[in-house]
Engineer: 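Dropping the structure in here first, questions after.
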Protein chains: 2
Amino acid sequence: MLQTSARLLKLLSLLEMRRDWSGDELAGRLDVTTRTVRRDVDKLRELGYPVHAMTGTAGGYRLGAGASMPPLLLDDDEAVAVAVGLGTAVSAGVSGMEETSVRALAKLEQILPPKLRTRVSGFRSHTVPVHIEGETVDPGTLTLLANACRDHDRLRFDYVSHDGTSTYRITEPHRLARAGRRWYLLAWDVDKQDWRLFRVDRIEPVTPTGPRFKPRDLPDDDMSAYIGRKVALGAYQIPFKVLMHLPAEKLRQRVPERWGTVTPVDENSCVLESRADNLEGTAAYLSTYGVEFEVLEPQELKDQLTAMAGRLLKAAGRPAA
Amino acid sequence: MLQTSARLLKLLSLLEMRRDWSGDELAGRLDVTTRTVRRDVDKLRELGYPVHAMTGTAGGYRLGAGASMPPLLLDDDEAVAVAVGLGTAVSAGVSGMEETSVRALAKLEQILPPKLRTRVSGFRSHTVPVHIEGETVDPGTLTLLANACRDHDRLRFDYVSHDGTSTYRITEPHRLARAGRRWYLLAWDVDKQDWRLFRVDRIEPVTPTGPRFKPRDLPDDDMSAYIGRKVALGAYQIPFKVLMHLPAEKLRQRVPERWGTVTPVDENSCVLESRADNLEGTAAYLSTYGVEFEVLEPQELKDQLTAMAGRLLKAAGRPAA
DNA sequence: TGGTTCAGGACAGCTTTCGTCCGCAAGGCC
DNA sequence: GGCCTTGCGGACGAAAGCTGTCCTGAACCA
């Protein structure tokens, strides 16, 4: 019964689109009698989607919030909006949900019609990049990697190593993970016959992806610990401590969880402690709070701020201090 | 045939979840024979969702990208990620899609299960707010307003007017629009018996929404022109012009479309022209590019930068210039 | 009270579904 | 090329589901 299923889907999409529909309206849209509409509504309810109904002159059907997510029926524009929104969240680094966001994005990108895909990439190139912390990751690359991991597709890419040289890699990707502000790909390097951890912002993928491979046992049971160790070896993070003239609660609202710790000092000020891999970006970031603050440590951050102040004074057409 | 529809949906969700599935696997998951799976796959194809199939040992079914969007079947985590992502995009002001994003978000929020809704609001409070340009709009308020417009629900709210006084309003909301970096609600003020344009960041909604009303004719055919005129009366935007020491193409990638115009000067520099309603925010924004620049006008922006430089020097523990 | 709207039982006629069984075609591997 | 695996789809019959047309109730609103 193709008609029935299709109609059910259409009914659901109508209900998602607007809040109140009368039985007659729905019957007209679906080209069936109201009796069938009632039966279809019952079916949706049996499927677990709570369709509320009100009798009387102001009555009608309304889709409510149930126990589980009903299928989302998006029109083209909305699908683009969702893709762009997820991409923004991923590259802006909304804390605590990176992997899930990437997974959802990967799911969406796989089924996104080509014409919408071009619209998405068009939007992305005009999106405000969060350039405060330096490198941003391309959500397109991220979803490609996520899909390759999920589907066990071999992956080839050019990798720019630390010293700037570029090498060609053939890998079996296994995990995508985030540590601090960076994304990493854990993959088996086919040529080197060993596990490698790649920084995603240095990967330039070569499409299309290769043949499927059989997943290997991961080098450690606790992946986050493993990656944490590997990353720590790089030891790129510099701790800093700043006194902010802002009540602790207010700052907490503006500092992402896990990014740093906020300790109240008195009613109107607090100390922010965190780590940075890029002091220039940190300096710029701190300045955007628009409040008075004092760097407690390290000296390098103070130097960075002094340099930045010099740039600003120059921009304002005055001699640097 | 409830079973058939439900199974079709489940099949779709399986296909969205992973890329390759063999007929046997699917049959197992769905508790039917492979023959039925084949028939179901056919049904999906008839519905317009392209399911590709490969024969042979590495064969299987795969959902491809078709002409239209299939229903998105999200698990709980993914639904939260999408909601948070859309919220981020909305409050970050991803250009050119504001209304669509809000619509999609409104749609999602209406059907989001309560337990997921609390997770979303939890995440939002820990999200990096884009505090560069001053006021941000609460996505929750925005979706509430969008839904009220869509459903023609009367809306009551406290409104903080320009001079800081708060008034209670009963309105019939008609349109939600964005101009520049701000959101506006066009609504009929029931007490005043006239159209009013409210700034969303000054609205404090009173829930629940009121009874439904019958939409009125809008005060103008061209809404964007109308709102543009209304907003222009406020005349809050200050034009500025900055010489950036950065190639025009590079800057274009980082400046959102419509936000401002970029004019190349030579190979390594260009002029950025735009408007701001908040010079302090603009100063902070410009400083985050991490490149040398010079303010051409206005003088106020130069003053702002000087003041900011002073703050930075103080933060670095040196006397202000 | 009358009008409007959803609710759902009963019935008849028609369509669809699904498992079983079958031969066929296409891709990968030895 | 032979062989295995995997998808493809026709035929068939029993069972189940779907839909429109009745109809009676019940809730809500003015």
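Throughout, protein chains are lettered first and strands after them, A, B, ... in sequence-line order, and every chain is numbered starting at 1. FYI, side chains are in, hydrogens and waters are out, and symmetry mates aren't considered; it's all heavy atoms of this structure.
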Engineer: Rounded to whole angstroms, how far apart are CG on A:Asp20 and P on C:dC6?
Structural biologist: 10 Å

Engineer: Give a yes or no on whether A:Arg18 atom CZ has more than 12 heavy-atom contacts from other residues, nucleotides or ligands under 6.0 Å away.
Structural biologist: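 Counting neighbours around CZ of A:Arg18, more than 12 heavy atoms of other residues, nucleotides or ligands fall under 6.0 Å, so yes.
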
Engineer: Could you please name the option among D:dG7, C:dC6, D:dT19 that lies closest to any side-chain atom of A:Ser22?
Structural biologist: C:dC6

Engineer: Run the ring-centre check on B:Tyr168 versus B:Phe157 and record whether the distance is less than 6.0 Å.
Structural biologist: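 No, too far apart.
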
Engineer: Which sits closer to the 5' end of DNA chain D, B:Gly23 or A:Met54, going by the nucleotide each is nearest to?
Structural biologist: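 The residue whose closest nucleotide sits nearer the 5' end is B:Gly23.
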
Engineer: Return the value, rounded to whole Å, for the distance between atom CG of A:Asp24 and atom P of C:dT4.
Structural biologist: 11 Å

Engineer: Give each protein N/O atom lying under 3.5 Å from an N/O atom of nucleotides 8-10 of chain D, with the pair distance.
Structural biologist:
| unit_1 | atom_1 | unit_2 | atom_2 | d |
| --- | --- | --- | --- | --- |
| D:dC8 | OP2 | B:Tyr61 | OH | 2.7 |
| D:dG9 | N7 | B:Arg38 | NE | 3.0 |
| D:dG9 | N7 | B:Arg38 | NH2 | 3.2 |
| D:dG9 | O6 | B:Arg38 | NH2 | 2.6 |
| D:dG10 | N7 | B:Arg35 | NH2 | 3.4 |
| D:dG10 | O6 | B:Arg35 | NE | 3.0 |

Engineer: By the definition salt bridge (charged side-chain N to carboxylate O under 4.0 Å, His left out), identify the one residue from A:Arg39, A:Arg45, A:Arg38 that meets it with A:Asp42.
Structural biologist: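 Passing option: A:Arg45.
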
Engineer: Are B:Glu109 and B:Arg117 ion-paired here, with the side-chain N under 4.0 Å from a carboxylate O?
Structural biologist: no

Engineer: Salt-bridge test for B:Asp76 and B:Arg119: reply yes if a basic N is under 4.0 Å from a carboxylate O, no otherwise.
Structural biologist: no

Engineer: Calculate the interatomic distance between A:Asp40 atom CG and C:dG8 atom P; express it in whole Å.
Structural biologist: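 Nearest whole value for this atom pair: 14 Å.
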
Engineer: Measure CH2/A:Trp21 against P/C:dT5 and give the value in whole Å, please.
Structural biologist: 15 Å

Engineer: I'd like to check the side-chain hydrogen bond (donor to acceptor under 3.5 Å, both in side chains) partners of B:Asp189; sequence neighbours left out, ordered by chain and number.
Structural biologist: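 Applying side-chain hydrogen bond (donor to acceptor under 3.5 Å, both in side chains) to B:Asp189 gives B:Arg169.
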
Engineer: Given atom CG of B:Leu30 and atom P of C:dG19, what is their separation to the nearest angstrom?
Structural biologist: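 Roughly 11 Å, once rounded to whole Å.
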
Engineer: Could B:Lys192 and B:Asp194 be called an ion pair, given the rule that one side-chain N must be under 4.0 Å from one carboxylate O?
Structural biologist: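 Between B:Asp194 and B:Lys192 there is no salt bridge, as every charged N stays at least 4.0 Å from the carboxylate O atoms.
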
Engineer: Looking at B:Thr33, I'd like to know whether one of its side-chain N or O atoms comes within less than 4.0 Å of OP1 or OP2 on C:dC21.
Structural biologist: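 Result: no.
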
Engineer: Is there a side-chain contact between A:Thr36 and the phosphate of D:dT19, meaning an N or O under 4.0 Å from OP1 or OP2?
Structural biologist: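 Checking A:Thr36 against D:dT19: no side-chain N or O falls below 4.0 Å of OP1 or OP2.
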
Engineer: Quickly work out the A:Leu26 CG to C:dA7 P distance and round it to whole Å.
Structural biologist: 11 Å

Engineer: How long is the line joining NE2 of A:His52 and C1' of C:dT5, in whole Å?
Structural biologist: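 So the two atoms are 17 Å apart, to the nearest Å.
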
Engineer: Just how far, in rounded Å, is C1' of D:dG7 from CG of B:Leu44?
Structural biologist: 16 Å

